[in-house]
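What follows is a set of notes on a single structure, which appears directly below.
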Amino acid sequence: MPELAEVFYFAKQWDVGQGQLIADVALHEKSRVFRGCDVAALQSGLIGQKLRAFRTHGKQMLFEFSNGHWLGLHLGMTGDLKSRPQPYTPEKHDHLVLNTKKLALVFTDPRMFGRVQYFCGKALPEPWLKLPPQPMDEGFTLPRVQSILQRHPKTPLKALLLDQRYFPGVGNWMADEVMWQMRLLPTTPAGELEAKQTSALRKTLKKVCEVALKTIGMDWSDPPESWLFLHRWDKNKSCPRCGVGLVKEDLRGRTACWCPACQR
DNA sequence: CATCATGTTATAAT
DNA sequence: CATTATAACATGAT
């Protein structure tokens, strides 16, 4: 389920372990989430270290340890981070557990679309050096948004919003939310936006990210009821703006949800 | 049993 | 080469 705000919230769940010594690292070496990861290095590198800090960017999470090394996590579709008191018995889909004296810091992911990375070296890991600006960041400028749209004129805007190179952190519900708030059909070709709409797109993206961070990201509380968010998974789902029944349809392999009356 | 799920990526087709 | 479209990945819930 994790998009920008959910990722931040999950990363925070390990914060209670900050400053604590990692006494043991339990993992399922053969798990798909370790693809491309040097598991032995991870294990020997983290044992005996203290968890120092974390940061998130879009859907990426990065944890720093006292030796200056780093643990990168991506939650995929079903990943989850939690902390549990000791003694902790790992469950079926717990792929990585950092054990301190008092706590178990757990990474779980049934579908295993998530990913674990280990970075040696004190410098910020290479993938973190040149990240695209998130919608609420300074660098997320109007010219940048304009050039992204111009570069992919035929792509349905909703599908483009899911591209992490351009809109890091935006996932399926946020993309639908933005399209709904913009009153545009998800299939609207990105190149068809007028200048005014492009400016509105930037503002809407920024607002959706900021409000999501203040609610979901802070304490898992709900975004405003006026948003599409709370209604899109209802059984008898209807538009919170006009009451018309919402439509769900596949768009480029993902489910798009929209209001056939409000969105044009 | 069939369908669906808040993500990414390799590969194919324009 | 750049852009666009699709299939595949693995598991659980309904």
B:dT8 pyrimidine/purine six-ring stacking with A:F113, under 5.5 Å and 30°: no
Roughly, in whole Å, what's the span from [atom1] in [X] to [atom2] in [N]?
X	N	atom1	atom2	result
A:M112	C:dT11	CE	P	4 Å
A:R115	C:dC9	CZ	P	16 Å
A:F34	C:dC9	CZ	P	21 Å
A:R35	B:dT8	CZ	C1'	8 Å
A:M61	B:dG7	CE	P	14 Å
A:M77	C:dA13	CE	C1'	13 Å
A:L75	B:dT8	CG	P	10 Å
A:K237	B:dC4	NZ	C1'	12 Å

Do [X] and [Y] have side-chain atoms, one donor and one acceptor, less than 3.5 Å apart?
X	Y	answer
A:S66	A:Q49	yes
A:T78	A:D109	yes
A:K158	A:N172	yes
A:D219	A:Y9	no

Please determine whether a side-chain nitrogen or oxygen atom of [X] lies at a distance below 4.0 Å from atom OP1 or OP2 of [N].
X	N	answer
A:H74	B:dG7	no
A:K92	C:dT11	no
A:T255	B:dC4	no
A:R111	B:dG7	no

Touch class at under 4.0 angstrom, heavy-atom based, for A:G253 against every strand present: nothing
Watson-Crick or G-U wobble partner of B:dT3, both distances under 3.5 Å: C:dA13
Test: A:R232 cationic atom under 6.0 Å from A:W258 six-membered ring centre, within 45° of axis: no
Parallel, tilted or perpendicular: ring planes of A:H28 versus A:H95, cut at 30 and 60 degrees: perpendicular
Proximal nucleotide (of B:dG7, C:dG12, C:dA5) relative to the A:E3 side chain: B:dG7
Which nucleotide in C:dA10, B:dG7, C:dG12 has an atom nearest any side-chain atom of A:H93: C:dG12
Flag, side chain of A:K12 to backbone of A:M218, donor-acceptor distance under 3.5 Å: yes
Strand-adjacent residues in residues 147-174 of chain A, judged by heavy atoms under 4.0 Å from DNA chain B: A:Q164, A:G171, A:N172, A:W173
